[in-house]
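One structure is given below, represented as structure tokens, and several questions about it will come after.
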Number of protein chains: 2
Amino acid sequence: MNDDRISRSATLMQVAARAGVSTATVARVLKAKGYVSDEARARVEAAVKAIGYRPNAMARGLRQRRSFTIGHMLDAIIVNPFFVNVAHWAEEEALEHGYKTFLFNHNGDGARERIGIERFIERRVDAVLFTNAIATENVRLLAAAGIPALQLERSKTPAAPAIRVDNKVGALEAMRHLVELGHRRIAFVGGDPDLIGRGATAGPTVEEDRLEAYRSGLAAAGLSPDPALMRLGRYYSLEAGGTSSEGYRHAKSLLELEERPTAIFATCDILAAGALQAVYEAGLRVPDDISVIGFDDTIAANLTPQLTTVAQPMEDLGRIGFRAVLAAIETGEFPELPLLPSRLVLRRSTASTAR
Amino acid sequence: MNDDRISRSATLMQVAARAGVSTATVARVLKAKGYVSDEARARVEAAVKAIGYRPNAMARGLRQRRSFTIGHMLDAIIVNPFFVNVAHWAEEEALEHGYKTFLFNHNGDGARERIGIERFIERRVDAVLFTNAIATENVRLLAAAGIPALQLERSKTPAAPAIRVDNKVGALEAMRHLVELGHRRIAFVGGDPDLIGRGATAGPTVEEDRLEAYRSGLAAAGLSPDPALMRLGRYYSLEAGGTSSEGYRHAKSLLELEERPTAIFATCDILAAGALQAVYEAGLRVPDDISVIGFDDTIAANLTPQLTTVAQPMEDLGRIGFRAVLAAIETGEFPELPLLPSRLVLRRSTASTAR
DNA sequence: ATTCAATGTGTCATCGATGACATATGGTGT
DNA sequence: ACACCATATGTCATCGATGACACATTGAAT
């Protein structure tokens, strides 16, 4: 009974043949635009269903010079769920607009980022999102190819606009929270110094903001930062299999101080996770003996105790980010980019010193 | 000086024009096959570099009837890092072979899975990987379109072959480990009963294997399973924002027993994370008062204490999985599919009862 | 009867890369 | 001298969807 059983999916021409109309009519039915008689429409729809026709996105893309695909460049995707979350929500929004995203994980490596961008260009993505750009020269390749690019949350290069998160509001809330609980010796455990702003970037970097909020949080309480309580390094070492060893190491050294801190403010949940391990190992309890606050709200709810943390608006970043590049694709320019708020999420890792 | 500044990337024809040769010669240079004089080659290469030419993957795909793309269908990507890991390694292997992967997260929803598969077909993926297939009828759509499909680790449908993991070896190791440490009252906290095998699937399901290993681990020690120590439910409830509440709830009820268990074997790190929280909250310590073992080795190293767990071969799953579908694409049939081992990873959440 | 707009349908060039095929030149072997 | 092969390069149909354009037909308005 059936003859049109070629291995690949059917073509529009086959649909036309089966429905006894021209390809143009089929196209009109599928696009739901132009004049088509009810009778022709019915025949085409029947043929589509019978053959199981699915339009070929490559052919359409070639003709329309639009792939309906955007690239999303990410960092450390298997270590830090932050990136997966942002990517997930961008993808979600993309799907709702008939788009699909391509992910690429450069893992912090500029050479890999370059390869990823070349792949994106070959695939003719209509735009690119960066959730961590590395090298300005790489980002410029996109501009040269006429592909809009947008940075989400972390803006490392002036070569592309960015949707930023106001890291300060949440971090200040966190500091205020600790101070209100009576903490005076608050340690800072922070990320990659590379992120602490160097070179000509568009505004302060993520870590700069968090550090500044830490300082002004202390200042507001009439305190001055104690260098002995500050640890800057990286979020995690990839070589070590992406464990939280950095936070562990830093917290351990803090706990060995003569006068140890009563609270630790870590700028990443992964760091905080390591801090929790160090505290536990020292035979102390969180939050009874020491309070810990993280950042991002990624693995926070899975930790013991559940971690109080500064949440990032990951869904908004992804969704608004996609809509922004979509606008750029369609109108040629970006809409006004919002500054998204971060906010403190209270869980069980902070408590009053007065116990 | 430059004139060829069209917004989109240049075409092969433009390269040919600039190099003063035909498109065929350019193609020969790029493919590195066929005869080309050194002089022509040099001119083409110079033109490619000058214009910044990148081949158009859509045009190539259309012509070759190959997209060099594979779809990867995933579950609960933002809740369980297991999926991200497998996807990451499949992508990594794909890149090394000139392929790219498209991810789609059905989140356990068959209707979404269907949509994802339709998107895959429209994009003309050359094959599809499932790390959690939901509905057999969806998987059949691919067969009808002539697209090879392969299940990784979880095989829920006979409609596609699978690379399976021997969940038993690792789980048995885990049980032996606990028994050797003196544990006799070992609780089982397991996943979605849906995964405990029903209907005609190809062999036992993941949870069946884990449960059976639990039982035979007990039997080997001359113990019989105590129904009061078994909790079956789901890994996590998505409604609750993907927290580990299920493991927490189960462990809490176990700790409230007259005779509480001395060890908990959870079949997912996320479940184990919840168990750790319950133990902590009860004022007990892991591993001093109670031992906990997880499964997957995803967030295990970030937990407090670092979790002893049964590791899944996520890298092998991804890499070998990709290579298998690549073979299927090229030869039309799958190679022999291995049964990959799981293995116990010792960390700090298990200890002897004799303290 | 004539003009015009609305309705309905078909033809075909195009997007960019590819590879089958045709063609041309020079050198080697007999 | 001729046959033959290696080398070198160009022409063009093709993949499948799209949309500009042309062509019909019908009914209403003038």
Side-chain angles (χ1 to χ4, degrees), chain A residues 4 6-44 47-48 51-69 98 121-126 145-146, chain B residues 4 6-44 47-48 51-69 98 121-126 145-146:
Chain A
D4 35 30
I6 327 290
S7 74
R8 303 316 258 149
S9 203
T11 73
L12 193 150
M13 254 184 302
Q14 289 169 39
V15 173
R18 186 173 185 120
V21 298
S22 72
T23 59
T25 298
V26 177
R28 273 184 286 258
V29 171
L30 296 177
K31 293 268 146 186
K33 66 181 253 196
Y35 298 110
V36 186
S37 65
D38 290 349
E39 200 242 327
R41 183 189 318 283
R43 285 220 309 283
V44 168
V48 165
I51 318 192
Y53 170 74
R54 294 269 142 214
N56 183 323
M58 290 185 291
R60 180 196 319 189
L62 178 61
R63 175 63 220 250
Q64 298 197 151
R65 316 174 115 260
R66 218 91 181 255
S67 63
F68 293 94
T69 300
I121 295 178
E122 284 169 10
R123 302 265 170 182
R124 295 297 189 271
V125 297
D126 298 330
Chain B
D4 35 27
I6 328 290
S7 73
R8 304 314 256 150
S9 202
T11 73
L12 192 152
M13 254 184 304
Q14 288 170 42
V15 172
R18 187 173 185 123
V21 298
S22 71
T23 58
T25 298
V26 177
R28 274 184 285 260
V29 171
L30 296 178
K31 293 269 148 185
K33 68 179 251 194
Y35 298 110
V36 185
S37 66
D38 292 349
E39 200 244 327
R41 183 187 319 282
R43 284 220 311 282
V44 168
V48 165
I51 317 192
Y53 170 74
R54 294 267 141 215
N56 183 326
M58 290 186 290
R60 179 196 323 187
L62 178 61
R63 173 65 219 250
Q64 300 198 150
R65 316 171 115 260
R66 284 275 285 285
S67 63
F68 293 94
T69 300
I121 294 179
E122 284 170 11
R123 303 265 170 183
R124 295 295 189 272
V125 296
D126 298 329

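Numbers restart at 1 for each chain; the letters A, B, ... are given by sequence-line order, proteins then strands. Computed from a prediction, not measured in an experiment: that's the story for all the values here.
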Heteroatom pairs (N/O) under 3.5 angstrom, protein to nucleotides 10-13 of chain D:
unit_1, atom_1, unit_2, atom_2, d
D/dG10, OP2, B/S22, N, 2.7
D/dG10, OP2, B/S22, OG, 3.0
D/dG10, OP2, B/T25, OG1, 3.0
D/dG10, N7, B/R28, NH2, 3.0
D/dG10, O6, B/R28, NH1, 3.3

Could you check how far CD1 of A/I51 sits from P of D/dG16, rounded to whole Å?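 From A/I51 CD1 to D/dG16 P: 13 Å.
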
Any residue of residues 52-62 of chain B with a heavy atom less than 4.0 Å from an atom of DNA chain C: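 The stretch gives B/Y53, B/P55, B/N56, B/A59, B/R60 as the residues lying under 4.0 Å from the strand, ordered by number.
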
Taking only the side-chain nitrogens and oxygens of B/Q14, find out if one of them lies under 4.0 Å from OP1 or OP2 of C/dG16.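 For B/Q14, the contact criterion (side-chain N or O under 4.0 Å from OP1 or OP2 of C/dG16) is not met.
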
Which whole-number value in Å describes the distance from B/L30 CG to C/dG16 P?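 After rounding, the reported distance stands at 16 Å.
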
Rounded to whole Å, how long is the line connecting atom NZ of A/K33 with atom C1' of D/dA20?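 The answer, rounded to whole Å, is 11 Å.
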
If we only count heavy atoms from C-beta on, is the A/R123 to A/S67 side-chain gap below 4.5 Å?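 A/R123 does not reach A/S67 side chain to side chain.
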
Do B/R41 and B/R28 have side chains that approach each other closer than 4.5 Å (heavy atoms only, starting at C-beta)?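 Sidechains of B/R28 and B/R41: no contact.
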
Interatomic distance, A/R123 CZ vs C/dC15 P [rounded to whole Å]: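 Taking atom P of C/dC15 as the reference, CZ of A/R123 is at 22 Å.
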
Between P on C/dG16 and CZ on A/R66, what's the gap in Å once rounded to a whole number?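 Nearest whole value for this atom pair: 16 Å.
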
Select from A/K31 and B/E39 the residue whose nearest nucleotide in DNA chain D is closer to the 5' end of that strand.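 The residue whose closest nucleotide sits nearer the 5' end is B/E39.
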
In whole angstrom, give the distance that lies between atom CD1 of A/I121 and atom P of C/dA17.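 Rounding to the nearest Å, CD1 of A/I121 and P of C/dA17 are 14 Å apart.
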
Quick one: A/R65 CZ to C/dT14 P, roughly how many Å, whole number?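 Interatomic distance, CZ of A/R65 to P of C/dT14: 13 Å.
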
Between B/S37 and D/dT9, does any side-chain N or O lie under 4.0 Å from OP1 or OP2?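 Yes, within the criterion.
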
Ignoring hydrogens and geometry, is there a side-chain-to-backbone donor-acceptor pair from B/R54 to A/E122 under 3.5 Å?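 Not confirmed, B/R54 side chain does not pair with A/E122 backbone.
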
Taking atom P of C/dA17 as reference, at what distance in whole Å does atom CD of A/E122 sit?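 It is 11 Å, rounded to the nearest whole Å.
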
